Amino acid sequence: MKTQILIAALFFSGFASAQQSKDTLKVKDIEAVNIKKQVFKKQSDRFIYDVASSPIAKGTNSFNLLKQTPMLSSIDGKSLKIMGKSDVVIYINNKKTNMDSQALIEMLKGTPSEEIQKIEVITVPGSEFQVESNEGVINIVMKKKKSDGYNGTIKMNNEQGYYNNPSAGASFNLRKGKVSVNSNFNMGSWTDRERYTLSNGDATFRNESFGSNADPNKYYGGNINIDYEINPKQSLGFTYNMRYNKSFNSILDVTNWRNGILYNRTVNTEDAQTRNHSFNLNYEIKTDTLGSKLTSNASYLWFNRDKMSTNESFPLNNDQKNKYSALQQSVPQIINNFAGNIDYLKKTAAGNTWLMGISYNHTNTDNDTRQDNIINGIPEVDIYQTNHFIYKERILGAYITYERKLNEKLSGKIGTRFEMTRSSGDILGKDSFDRNYNNLLPYLNINYAINSDHNISYTFSSRIKRPRFWELNPSRTYFTPDNYTQNNPFILASKHYNQEISYMFKNAFFANLSFSYVQDASNQMPLQGTITGPKKDEEGNIIVDENGNPVIETTRFLRYIRTNYGNNKQLGLTLGMNKPWFKEIWTTNYSVNFGYSMYNGTITKDPTSVPDAGYTEALEPYVIDIKNFSMSANINNTIRLSSKKDWFLGVNYYYGSKVKIESGTLGVRQSFDISLKKIIGEWTIVAEVYDLFNQNYNKINGVQPNGSYNNVINFGYSRLLNLGVTYNFGNQKLKKAREIKSANDAVKSRT
């Protein structure tokens with residue numbers, strides 16, 4: 001309670017200070033200058049943060065700058081969130097980025113903040129954006145100063161957590177006449193360390209597991225973007241992105257107890273490699289002097305992940321029923337995607353804008369999973385868990401959007417997106433299915449600028465969320481032999497309806513009221529049950545009694561499976577402010593999010609379950625009936641320590657209250673971060689500590705009406721000390737090549 005009172009006091013004290021009357025003409029003149037700068041403002045369907053006018057956008061990188069942007073947050077240094085949204089999609093100059101999430105974060109950390117003109121936060125994207133479900137968009141607008149020459153950045157980081165994780169990156173930009181080249185490269189190593197505490201069961205049975213995981217990774221990646229100006233009206237662009245990640249000898253070591261008695265130890269060893277290559281060819285022609293243009297893209301994506309693992313269980317007591325067991329898996333996945341799109345932007349002399357386009361995506365995935373039970377040191381294929389899954393998906397999309405400014409105060413945007421999806425899955429020799437559906441997805445935005453101090457808008461949007469390709473592959477990932485995740489090829493796409501009312505006061509204070517409704521909602525659920533059938537010995541032979549009859553035994557399982565469960569509704573209110581104080585010595589970015597969620601559904605069967613011959617499976621119904629209030633807050637402070645603007649102190653705090661989700665109640669999460677930055681010419685030195693008090697970890701307690709429970713504590717050693725050095729060289733006013741949207745952007749987020 002004290003934490004919530006402190007957050008409220010910090011937030012509303014700033015709001016009250018802004019309301020104080022100012023009587024002198026001198027102060028009013030200063031106010032007029034601040035309004036003209038409009039560091040933070042609401043425009044049409046988006047919030048705009050004018051970085052060039054902000055005192056904190058000096059000598060840092062783009063990722064740190066995004067963390068300081070109103071409505072945005074990051075509590076792990078590895079991802080970005082829009083408060084109240086499930087996920088974000090990054091655009092650069094209105095073009096969707098063309099790389100995987102880890103490579104994108106490394107690119108942002110290596111891009112100097114001085115290259116950014118403004119950041120646009122679009123909480124409910126329009127029909128022209130290739131996004132899914134409840135995703136928001138962050139559009140980074142780069143500065144456009146044109147001159148020949150070159151520039152670049154070299155960056156080195158060293159991150160100390162449980163392990164030491166070094167990394168380095170470099171970017172190089174060249175402009176000569178009609179040709180522009182942008183490139184970046186990054187590499188490093190990082191090792192995840194996590195500690196687990198698991199317990200599940202009911203009034204008659206209790207299973208507990210304690211252990212840890214060490215996952216070493218080495219990676220390198222980069223991209224190159226070449227842009228050629230054929231003539232003042234036509235441009236041709238080519239983009240190539242790649243990333244390689246190797247994780248060998250990842251070890252999960254868990255000790256298991258049953259009903260308070262030491263049972264066994266499970267060790268899972270995994271080797272995995274991921275390769276990602278994508279190409280995009282872009283052509284753009286300007287059709288008039290008002291800004292109208294026709295853009296076309298042709299893209300190809302190749303994604304490959306190979307995973308080999310061995311899972312061994314060793315008995316730790318003298319119970320003869322508890323024997324050594326082992327299995328090994330090979331889970332490769334190959335994704336090939338071909339895509340193309342044509343977009344046309346038409347602007348009229350009256351200020352109206354038409355956006356229209358058509359796109360096509362063709363995706364093939366190949367998942368050849370093999371699982372062997374190791375008996376007496378010899379692998380024997382498990383026919384029930386070995387499968388070859390082929391999934392094909394074709395999506396034809398078309399959209400049209402009309403945007404008009406009716407007068408100086410009122411503007412609007414209306415559009416729709418049509419998507420025709422044809423997909424099929426084939427588990428060779430076992431099962432097959434077709435998923436064919438059409439969706440019409442309308443969009444509406446109305447914005448009213450009451451006066452220079454007040455702005456209000458309403459937005460409605462509908463979207464489809466398709467399952468990620470790895471979620472469809474019918475394979476298991478084992479924690480213990482009876483505790484594992486199970487992918488589901490039969491999961492359905494869900495439909496999302498989003499509404500939002502936004503209000504902004506004096507370009508500093510904002511309120512955002514949102515409501516979302518989801519049909520055929522899905523998530524990963526902890527399903528418990530029993531399997532009954534003949535008992536087998538270590539060699540796999542059925543054990544019989546003295547009469548020659550099979551000995552029947554019942555074993556329990558805990559299976560995490562991603563599946564559809566029903567519908568959910570979420571109501572959210574975000575209050576925030578972004579304001580400098582004391583002649584921009586102290587800059588504050590505060591936001592508080594209140595949420596009320598309603599989840600309803602019941603899972604009575606596992607659609608992926610195929611018990612061995614002679615065995616029966618009983619699944620305990622999983623009931624979801626949640627009505628829940630939650631709260632989170634993000635408090636960012638930047639303090640300039642010197643008049644030369646070369647020393648900066650950052651003090652940030654995140655708080656998330658308890659919140660009920662589909663799998664249980666997620667406990668309180670907190671993170672206190674502090675940073676110190678020094679600018680020396682073209683050099684920037686940063687020291688940062690994330691989650692100083694190690695309070696940002698997951699603790700989930702789930703209890704069902706029938707008394708069964710599942711509790712998870714996942715502690716990831718989130719406290720990190722990061723030391724970074726960045727050097728910028730060359731002509732820093734050099735204009736980059738065009739950032740080009742790839743035709744297969746929507747597919748990349750699902751790999």
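This structure is a prediction, so every number in the text was calculated from the model and none was measured.
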Examine distances only and state if a side-chain atom of Thr684 and a backbone atom of Ile679 form a donor-acceptor pair shorter than 3.5 Å. no

In short, Pro125 meets Val137 closest at the heavy-atom pair CG-CG2, 3.6 Å

With heavy-atom distances below 4.5 Å as the criterion, would you say the side chains of Val592 and Leu573 are in contact? no

Just verifying a value: how many Å separate Leu355 CG and Thr401 OG1, rounded to the nearest 0.5 Å? 5.5 Å

Show every salt bridge (charged side-chain N to carboxylate O under 4.0 Å, His left out) that has at least one partner inside residues 285-301, sequence neighbours left out. Glu284-Lys293, Asp288-Lys346

Checking Ile154 now: which residues fulfil side chain to side chain contact (heavy atoms under 4.5 Å, CB included) with it, not counting sequence neighbours? Phe729

Do Asn241 and Asn276 have side chains that get closer than 4.5 Å, going by heavy atoms? no

Nearest atoms (heavy-atom pairs only) where Gly357 meets Asp343: CA-OD1, 3.6 Å

Could you please spell out the steps behind the side chain to side chain donor-acceptor pair (under 3.5 Å) verdict for His454 and Tyr448? CA-CA 9 Å; His454 303 271; Tyr448 183 58; over 6 Å; no

Mark yes or no for whether Ser423, through its side chain, and Arg435, through its backbone, hold a donor-acceptor pair below 3.5 Å. yes

Closest non-hydrogen atom pair, Ser494 against Gln519: CB-O, 3.2 Å

Does the gap between the ring centers of Tyr399 and Tyr443 come in under 6.0 Å? no

Pairwise side-chain contact, Asn728 with Asn151, heavy-atom cut-off 4.5 Å (strictly under): no

What heavy-atom pair brings Leu571 and Ser514 nearest, and what distance separates the two atoms? CD1-O, 3.3 Å

As an exercise, state the distance from OH of Tyr437 to OG1 of Thr421, rounded to the nearest 0.5 Å. 4.0 Å

Contacts table for residues 407-420: side-chain donor-acceptor under 3.5 angstrom, sequence neighbours left out:
unit_1, atom_1, unit_2, atom_2, d
Asn407, OD1, Lys409, N, 2.8
Asn407, OD1, Leu410, N, 2.7
Lys409, NZ, Ile450, O, 3.2
Lys413, NZ, Asp45, OD2, 3.3
Lys413, NZ, Glu128, OE2, 2.7
Thr416, OG1, Leu441, O, 3.4
Arg417, NE, Glu419, OE2, 3.1
Arg417, NH1, Ser127, O, 2.7
Glu419, OE1, Arg466, NH2, 2.8

So Gln570 and Asn498, side-chain contact (heavy atoms from CB on, under 4.5 Å) or not? Walk me through it. CA-CA 10 Å; Gln570 298 186 58; Asn498 306 310; over 6 Å; no

Would you say the side-chain atoms of Thr587 pair up with the backbone N or O of Pro580, donor to acceptor, closer than 3.5 Å? no

Would you indicate whether the side-chain heavy atoms of Ile358 and Leu396 approach each other to under 4.5 Å? yes

Phe648 and Lys645 have their tightest heavy-atom pair at CE1-O, 3.4 Å

Under the side chain to side chain contact (heavy atoms under 4.5 Å, CB included) test, residues paired with Thr365 that sit two or more places apart: Ile335, Thr363, Asn367, Tyr391, Phe469

Euclidean distance, Asn589 CG relative to Phe40 CZ, rounded to 0.5 Å: 8.0 Å

Ser292 and Lys347: side chain donor to acceptor below 3.5 Å: no

Below 30° counts as parallel, above 60° as perpendicular, anything between as tilted: where do the rings of Tyr497 and Tyr517 land? parallel

Heavy-atom side-chain proximity of Tyr283 to Gln234 below 4.5 angstrom: yes

Does Gln117 form a side-chain contact (heavy atoms from CB on, under 4.5 Å) with Asp50? I'd like the steps, not just the answer. CA-CA 7 Å; Gln117 176 67 35; Asp50 189 353; 3.8 Å; yes

Gap between atom CH2 of Trp302 and atom CG of Asn337 - 0.5 Å precision: 14.0 Å

Please tell me if the side chains of Leu72 and Tyr49 come closer than 4.5 Å, counting only heavy atoms from C-beta onward. no

Assess the residue pair Asn438 and Arg422 against the criterion (side-chain contact (heavy atoms from CB on, under 4.5 Å)); give the C-alpha distance rounded to whole Å, side-chain angles, the decisive distance to 0.1 Å, and a yes or no. CA-CA 9 Å; Asn438 303 326; Arg422 300 291 180 264; 3.2 Å; yes

Check: Ser462 side chain, Pro442 main-chain N or O, donor-acceptor pair, under 3.5 Å: yes

State which residues pass side chain to side chain donor-acceptor pair (under 3.5 Å) with Asn336; sequence neighbours excluded, sorted by chain then number. Tyr300

Of all the heavy-atom pairs spanning Val121 and Pro70, show the shortest one and how long it is. CG2-O, 4.0 Å

Please round to the nearest 0.5 Å and tell me the distance separating atom OG of Ser299 and atom CZ of Phe279. 11.0 Å

Phe510 and Asn578, any side-chain heavy atoms less than 4.5 Å apart: no

Any heavy-atom pair between the side chains of Ser44 and Asn445 that's under 4.5 Å? yes

For Ser502, enumerate each residue passing the side chain to side chain contact (heavy atoms under 4.5 Å, CB included) test, keeping only those at least two apart in sequence or located in another chain. Lys42, Phe47, Ser457, Glu500, Asn512

Check the pair Leu294, Ile342 against side-chain contact (heavy atoms from CB on, under 4.5 Å), reporting the backbone distance first and the verdict last. CA-CA 7 Å; Leu294 181 71; Ile342 299 175; 3.7 Å; yes

Can you say whether the rings of Phe505 and Tyr503 are parallel (under 30°), tilted (30 to 60°) or perpendicular (over 60°)? parallel

Would you say the side chains of Asn282 and Asn280 form a donor-acceptor pair under 3.5 Å? no

Could you give the distance from CH2 (Trp354) to OG1 (Thr348), rounded to the nearest 0.5 Å? 10.0 Å

